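Take a look at the structure set out below.
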Protein chains: 2
Amino acid sequence: MTRPASRHPTELELEILKILWREGPMPVRGVRQALAPSRKLAYTSVMTVMGIMAQKGYLRRSKHGTHFVYQPAITKQSTVRGIVRDVVDRVFDGSAAAAALHLVETADLDERELRAIRRILEQKGEDKP
Amino acid sequence: MTRPASRHPTELELEILKILWREGPMPVRGVRQALAPSRKLAYTSVMTVMGIMAQKGYLRRSKHGTHFVYQPAITKQSTVRGIVRDVVDRVFDGSAAAAALHLVETADLDERELRAIRRILEQKGEDKP
DNA sequence: TCGTTCCTACTAATTTGTTAGTAGGATACA
DNA sequence: TGTATCCTACTAACAAATTAGTAGGAACGA
């Protein structure tokens with residue numbers, strides 16, 4: 001009857017997760033600083049969001065002296081996979097092939113990138129002859 | 001200071017757009033029927049959403065006798081491109097190549113799909129030797 | 001013509017997501 | 001020891017998103 005919670009981290013939540021994946025466990029202050037170049041938020045705003053993320057199970061936190069240190073409770077791999085699968089389902093009716101095609105057709109890829117993708121395709125082809 | 005509107009059609013809005021892209025202009029009743037197998041909504045709920053979509057510029061509507069007929073005002077191409085670009089930016093830091101790699105690595109593609117992607121890659125390679 | 005049906009417009013309830021303020025405890029330094 | 005600083009917890013505000021109800025008009029059939 002009402003609005004369901006997002007199945008994946010929201011935009012700001014993903015920003016915060018990326019910071020913690022990249023730079024390791026950190027207190028709110030550190031996350032706020034890392035966020036600052038692209039997004040100037042009040043300290044309490046960042047704290048609120050990170051508190052919600054801990055509730056949702058995205059983060060774990062432990063007391064260090066006077067303040068909390070936060071760390072990711074979910075992996076980058078599983079998170080990215082979840083988000084991508086969701087888009088593939090919603091936009092490409094579940095066809096990962098259609099999504100991949102769209103990307104290589106639309107994107108402006110250079111030679112090095114094209115080779116990397118071909119290499120993976122070869123491996124995939126060998127897996128199941 | 002507050003939550004900004006989504007830059008792309010929301011989940012339900014995308015469902016509705018996909019129906020109209022696939023089946024052509026339609027009144028609310030038709031959209032509701034097409035939606036029904038996966039999502040049972042009150043007539044007024046569908047109407048509310050489609051009214052909002054018209055306000056947002058996603059749909060156009062014209063009076064046919066007593067009721068309105070709705071049609072997409074944005075193309076499938078541009079919509080899909082926008083959604084995909086957004087995910088590529090947010091999740092893969094703007095690298096379409098990383099996104100494509102992720103897809104072919106993660107997805108379970110069959111021989112036919114692999115060939116289709118290789119073919120596109122060949123064409124891409126030829127474009128810029 | 002009168003009731004039933006169907007459609008629209010308007011209103012509303014409720015949760016999520018985003019941003020921030022206030023109160024109060026702990027800490028550190030002069 | 002007192003005062004300024006820093007951190008947390010709690011509260012709040014508000015738009016967006018989702019779902020639906022009510023009122024009222026048009027139309028159609030008996």
Side-chain angles (χ1 to χ4, degrees), chain A residues 1-19 25-71 79 83 86 90, chain B residues 1-19 25-71 79 83 86 90:
Chain A
M1 177 94 78
T2 181
R3 187 186 179 188
S6 169
R7 288 176 296 283
H8 306 293
T10 65
E11 166 154 9
L12 178 53
E13 287 171 350
L14 186 61
E15 282 312 305
I16 291 173
L17 279 169
K18 281 163 76 175
I19 289 166
M26 217 181 275
V28 172
R29 176 151 304 273
V31 171
R32 175 166 184 250
Q33 267 172 22
L35 224 37
S38 64
R39 209 152 170 166
K40 284 154 195 22
L41 290 178
Y43 180 90
T44 51
S45 303
V46 181
M47 214 195 59
T48 301
V49 173
M50 290 178 71
I52 292 172
M53 289 174 76
Q55 272 178 24
K56 288 181 178 175
Y58 294 159
L59 301 181
R60 249 194 307 275
R61 62 183 210 173
S62 52
K63 200 118 191 175
H64 278 226
T66 167
H67 61 294
F68 287 106
V69 168
Y70 291 77
Q71 64 181 313
T79 304
I83 294 175
D86 196 54
R90 285 202 344 266
Chain B
M1 178 94 77
T2 181
R3 186 183 186 189
S6 170
R7 289 177 296 283
H8 306 293
T10 66
E11 165 155 7
L12 178 53
E13 288 172 349
L14 186 60
E15 281 313 304
I16 292 173
L17 279 168
K18 280 163 77 174
I19 289 166
M26 218 182 273
V28 172
R29 174 150 305 272
V31 170
R32 177 168 182 247
Q33 267 172 20
L35 224 36
S38 64
R39 210 154 169 165
K40 284 154 194 22
L41 291 177
Y43 181 90
T44 50
S45 303
V46 181
M47 213 194 61
T48 300
V49 173
M50 291 179 71
I52 292 173
M53 290 173 75
Q55 271 178 25
K56 288 181 178 175
Y58 294 159
L59 301 182
R60 251 194 305 275
R61 61 182 212 175
S62 51
K63 199 116 191 178
H64 278 226
T66 167
H67 61 294
F68 287 106
V69 167
Y70 291 77
Q71 63 180 316
T79 304
I83 294 174
D86 196 53
R90 286 204 340 268

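Lettering of chains follows the sequences in order, A, B, ..., and the numbering in each one begins at 1. Everything quoted here is computed from the prediction, not taken from an experiment.
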Is any side-chain heavy atom of [X] less than 4.5 Å from a side-chain heavy atom of [Y]?
{"X": "A/Glu13", "Y": "A/Val49", "answer": "yes"}
{"X": "B/Met53", "Y": "B/Leu17", "answer": "yes"}
{"X": "B/Val28", "Y": "B/Phe68", "answer": "no"}

Indicate whether OP1 or OP2 belonging to D/dA13 is found under 4.0 Å from a side-chain N or O atom of B/Arg3.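 It does not, given that no N or O in the side chain of B/Arg3 lies less than 4.0 Å from OP1 or OP2 of D/dA13.
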[atom1] of [X] to [atom2] of [Y]: how many Å apart, nearest 0.5 Å?
{"X": "B/Ile16", "Y": "B/Arg39", "atom1": "CD1", "atom2": "CZ", "result": "8.5 Å"}
{"X": "B/Lys18", "Y": "A/Arg90", "atom1": "NZ", "atom2": "CZ", "result": "8.5 Å"}
{"X": "B/Met47", "Y": "B/His67", "atom1": "CE", "atom2": "NE2", "result": "13.5 Å"}
{"X": "A/Ser45", "Y": "A/Lys40", "atom1": "OG", "atom2": "NZ", "result": "13.5 Å"}
{"X": "A/His8", "Y": "A/Tyr58", "atom1": "NE2", "atom2": "OH", "result": "8.0 Å"}

Rounded to whole angstroms, how far apart are [atom1] on [X] and [atom2] on [N]?
{"X": "A/Met26", "N": "D/dC7", "atom1": "CE", "atom2": "C1'", "result": "17 Å"}
{"X": "A/Ile52", "N": "C/dT19", "atom1": "CD1", "atom2": "P", "result": "11 Å"}
{"X": "B/His64", "N": "D/dA26", "atom1": "NE2", "atom2": "C1'", "result": "17 Å"}
{"X": "B/Arg39", "N": "D/dT19", "atom1": "CZ", "atom2": "C1'", "result": "10 Å"}
{"X": "A/Arg32", "N": "C/dT19", "atom1": "CZ", "atom2": "P", "result": "12 Å"}

Strictly below 4.0 Å, heavy-atom distances to any atom of DNA chain D: list the hits from residues 4-17 of chain B, or just say none.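 The answer is B/Pro4, B/Ala5, B/Ser6, B/Thr10, B/Leu12.
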A/Gly65 or A/Lys56: which one's nearest nucleotide on DNA chain C is closer to the 5' end?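 Comparing both residues, the 5'-ward one is A/Lys56.
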Quick one, give me the B/S/- string for nucleotides 2-12 of chain C, reading 5' to 3', where B means a protein heavy atom under 4.0 Å from the base and S means that only happens at the primed atoms, P, OP1 or OP2. -----SBB---
